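Report on one structure; see the data block that follows.
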Amino acid sequence: MSHRGSTRYDSAARQLEQAAARIGAGSRAVIGLVAVVAAVLGAVPPVSVAWLAPALAIHLLWTVLFLRVAWRRNPLPSWLAAGDVAVTVMFCLAQRHLVAVDALAANASWISGLVTMSVVVAGVAWRPAIAVPAGLAVAAAYLVGARFAAPHQDVVSTLAIHLMQILAIALLMTLLRRSAASADAFLRGSARAEVTLMVERLRREDELRQVGSVHETSLHTLTMVGLGTYDRPSETLRRQAVTDLAALERLRDRPHAGTAAIALDALLDEVAGRATSLEVRRSLTPETVPGDVAERFARAVNEALANIARHAGVREAELVSSSRDGEIRVEVADAGAGFDVERVPPDRFGVRGSILGTMRSLPNAGADIRSGTGGTRVSLWWRP
């Protein structure tokens with residue numbers, strides 16, 4: 001199960017960052033290739049071939065590495081964005097050896113394009129608190145390098161353009177992240193409401209079964225007495241009356257909905273049935289648990305199956321429940337591509353919140369996730 005830090009409940013944020021990372025990586029690669037062509041065509045004095053040749057070699061290697069890493073890992077790793085900023089700053093400071101004066105005067109140098117892409121990459125990879133200072137560092141390096149290359153060049157307009165770029169990408173990514181966060185909150189609430197409705201429906205079904213049991217026992221016994229079937233004291237009638245009275249007392253003392261007993265196997269079977277994009281093999285041991293416990297099991301299983309459908313690269317999963325030594329255990333497994341559990345960011349709700357946090361919020365309960373090249377296994381347990 002390839003969690004790239006996310007799951008169903010943070011899917012909006014994950015999709016945003018994945019899309020932004022891919023767009024940024026693709027744009028960075030295109031600008032990088034265009035920059036090489038522009039640098040070669042504009043290699044006129046005072047451009048130094050001794051400086052330009054190694055600079056373009058470094059630039060090409062970095063562009064290939066950037067594209068390779070960014071395309072495989074989403075969101076963009078912080079070290080990749082930091083490296084891009086560092087490479088661009090290095091080129092900016094060496095402009096007098098790499099860019100013709102005419103290109104600098106027209107603000108059309110190949111390094112100018114790299115500055116813009118570094119600002120975009122920083123905005124995609126980091127929050128504004130880091131992205132804005134990084135963008136300002138790149139802009140400052142560009143202006144310093146331009147001053148060394150052409151002391152009389154007007155830098156005010158260039159500075160204004162760079163500031164607008166920095167603020168625009170920071171504002172855009174902030175708005176997108178907030179919109180994604182709102183969508184995530186809605187998805188989390190919807191998923192919880194869905195599980196709650198399933199629990200409530202099963203609880204009501206259990207109540208109807210109890211009412212039906214009373215009808216088939218107590219009322220049946222009273223009817224037989226009323227018809228005169230028992231015309232004298234009977235040991236059979238006494239035992240049946242005791243049984244019927246106990247059933248009525250259980251119905252009277254039925255616990256609150258939050259703790260009412262729920263058939264866990266039936267609830268998990270329904271959760272698995274809703275994962276329409278997966279073939280879920282089920283081996284469920286009949287077990288009854290309090291409603292709040294059943295709801296947490298269902299939410300965690302629902303999240304685990306959603307992760308498999310989105311990220312594992314397989315269309316099969318296994319759902320097993322068992323009871324041993326008083327402990328109830330539920331496991332969800334797949335044979336897909338694994339992921340590094342330790343590298344899941346703390347702000348990713350799916351793994352830490354919907355699975356680990358959900359189960360650990362219960363007394364005597366917990367969860368564990370093990371993942372590797374052979375797949376992922378999510379283990380959930382609760383002890384009454």
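Every value quoted in this text rests on a predicted model; they were computed, and no experiment measured them.
The heavy-atom pair separating Ile328 from Leu264 by the smallest distance is CG2-CD2, 3.8 Å.
No side-chain heavy atom of Val115 sits under 4.5 Å from any side-chain heavy atom of Phe91. Leu163 has its side chain within reach of Leu136: a pair of non-hydrogen atoms, C-beta onward, lies under 4.5 Å apart. The shortest side-chain heavy-atom distance between Thr358 and Glu303 does not fall under the 4.5 Å cut-off. Side chains of Trp110 and Leu98 form a contact here, defined as non-hydrogen atoms less than 4.5 Å apart.
Contacts of Arg147 classified as side-chain hydrogen bond (donor to acceptor under 3.5 Å, both in side chains), with partners at least two apart in sequence or in another chain: none. Considering only residues two or more places apart in sequence or on other chains, Glu287 meets the side-chain hydrogen bond (donor to acceptor under 3.5 Å, both in side chains) condition with none of them.
When only modelled atom types and interatomic distance are considered, Asp84 and Trp62 share a side-chain donor-acceptor pair under 3.5 Å.
Between Arg315 and Glu279, no side-chain nitrogen of the basic residue sits less than 4.0 Å from a carboxylate oxygen of the acidic one, so the salt-bridge criterion is not met.
Cluster membership for Leu61 and Val87, using ILVMFWY side-chain heavy atoms within less than 4.5 angstrom, is not shared.
Within the hydrophobic cluster formed by Ile, Leu, Val, Met, Phe, Trp and Tyr side chains joined at under 4.5 Å, directly or through other members, Leu171 is accompanied by Leu175.
His162 and Tyr142 have perpendicular rings, their planes meeting at more than 60° on a 0 to 90° scale where under 30° would count as parallel.
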